[in-house]
Visitor: 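Structure below; questions to follow.
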Amino acid sequence: MSPKRSSASKREFTRAKRSIPGGVNSPVRAYGSVGGTPPFIESAKGCRIRDIDGREYIDYVGSWGPMILGHAHPKVLAAVREAMKRGTSFGAPTVRESELAEAIRRALPSVQKVRMVSSGTEATMSALRLARGVTGRDRILKFDGCYHGHSDGLLVGAGSGVATLGIPGSPGVPKAMTDLTIVAPFNDLAATRQAFEKWGRDIAAIIVEPIAGNMGCIPPVPGFLKGLRALCDEFGALLIFDEVMTGFRVAPGGAQRLYKVKPDLTTLGKVVGGGLPAAAYGGRRDLMDRIAPAGDIYQAGTLSGNPLAVAAGIETLALLEAEGTYETLAARAGALAEGLAERAHARGIPFTARHVGGMLGFFFHPGPVENFAQAQQSDAAAFKRFFAVMLEQGIYLAPSAYEAGFVSLAHRPGDIARTLDAAEIAFDRVARLR
Ligand SMILES: *Cc1c(COP(=O)(O)O)cnc(C)c1O
């Protein structure tokens with residue numbers, strides 16, 4: 001990248017850092033672990049994203065998951081425009097909120113009632129409060145490397161930006177909160193059972209990303225999710241699937257449909273808001289009816305069920321219902337994951353790639369990678385070099401070795417081929433590191 005061409009983003013980053021901590025409104029956007037200046041985005045369309053220096057990239061971040069139809073889909077824009085004409089927020093019930101709730105219920109049979117919130121963080125936080133309220137227990141169990149948003153009790157052994165920064169948790173989180181969070185290795189049923197044998201009657205819930213997507217992309221090993229279901233049943237704890245990333249991403253019914261395991265509660269976000277701020281939590285009717293005002297467990301939100309976000313969500317879910325959508329996403333992600341692995345292996349680079357539906361991840365690691373400890377053994381220098389060369393060639397990947405990548409329905413085979421051509425060059429450069 002010539003310095004001249006990157007000058008507008010550089011200038012804006014310097015400016016942003018004067019008024020915004022780190023220059024960004026969410027940590028991984030700052031390119032801290034890959035170095036350099038993040039491109040400032042001007043606009044995006046389909047699978048392409050354009051920065052303020054006029055450079056265009058094929059985008060595999062997709063706003064970290066929501067843009068499953070591609071950016072600025074005409075039908076989603078039209079739905080938002082139509083909604084906007086009638087006003088942007090009422091703080092009162094609207095008909096379309098029921099429509100979205102019904103669409104979610106149709107897709108996820110485990111969800112009998114659902115409450116809209118504005119972010120994934122809020123969804124998981126609220127689901128845990130409900131689990132604690134219902135069971136009368138305080139402890140929760142999560143898995144190392146899984147990310148469930150930034151609420152206090154969940155910033156322990158967390159993935160995503162927390163993993164990228166290499167920090168164990170965060171100052172400002174009371175020890176009293178993290179003491180209630182038990183962390184087990186992902187995909188390790190024996191360790192989870194041990195934790196239950198020690199604290200089982202105090203554990204309100206297991207919260208899990210059924211396919212881990214915040215430490216790369218790590219699918220569950222056979223029997224893991226079913227084993228968690230059985231443990232919860234044995235000890236009277238609730239099972240919460242955090243499908244903020246996987247919901248409407250890997251299959252219409254999320255990971256729970258794919259792996260045929262029924263959680264008690266599910267959290268949704270990202271795709272469900274169609275690129276606007278919306279998320280949700282839902283599950284068994286008897287549990288959800290404990291939420292205020294139906295029940296006694298309090299949770300509220302000024303902008304919850306916002307009409308613009310609901311319109312974008314409804315339109316996105318409707319478009320995803322078309323025949324063959326998820327097959328197409330899986331084929332594209334598969335071609336990319338396999339194409340990358342082939343090219344790396346041809347150069348003798350230790351590399352492993354996984355994909356489920358439209359989500360994928362790769363590690364500079366010979367594999368298998370089934371948990372966070374293994375993910376952390378991947379070659380950070382190789383990733384950094386690979387990332388930089390790909391960006392230089394117009395391929396926009398997540399700026400962290402611990403994030404999943406996403407394909408959209410707007411990624412055509414030609415885009416995947418172009419990406420793999422860029423990867424040839426990037427892997428050549430990685431091979432020279434060795
Ligand atoms: C992104 C994500 C969250 C947090 O959602 P926000 O909208 O960023 O608060 C929670 N859980 C999972 C699995 C996620 O991928």
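Counting convention: from 1, in listed order, for ligands and their atoms alike. Here the structure is a predicted model, which is why all the values come from computation and not from measurement.
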Visitor: Can you name the residues that come within less than 4.0 Å of ligand 1, going by heavy atoms only?
Guide: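 Within 4.0 Å of ligand 1, protein side: S119, G120, T121, Y147, H148, G149, E209, N214, D242, V244, M245, K270.
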
Visitor: Sub-3.5 Å donor-acceptor pair from the side chain of S9 to the main-chain atoms of I52, do we have one?
Guide: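 Answer holds: no.
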
Visitor: Say whether, by atom type as modelled, one donor and one acceptor occur between the side chain of R115 and the main chain of Y281 under 3.5 angstrom.
Guide: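 Absent.
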
Visitor: Does P368 offer a backbone N or O that forms a donor-acceptor pair with the side chain of T352 under 3.5 Å?
Guide: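 No.
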
Visitor: Can you list every ring pair (Phe, Tyr, Trp, His ring centres under 6.0 Å) pair that touches residues 16-44, not counting sequence neighbours?
Guide: Y31-F387

Visitor: Any pair with a residue in residues 259-278 that passes salt bridge (charged side-chain N to carboxylate O under 4.0 Å, His left out), sequence neighbours left out, goes on the list, sorted by first then second residue, please.
Guide: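 Qualifying pairs, neighbours excluded: R229-D264, D264-R284.
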
Visitor: Got a sec, which pairs hit side-chain hydrogen bond (donor to acceptor under 3.5 Å, both in side chains) with one end in residues 62-78, sequence neighbours left out?
Guide: D59-H71

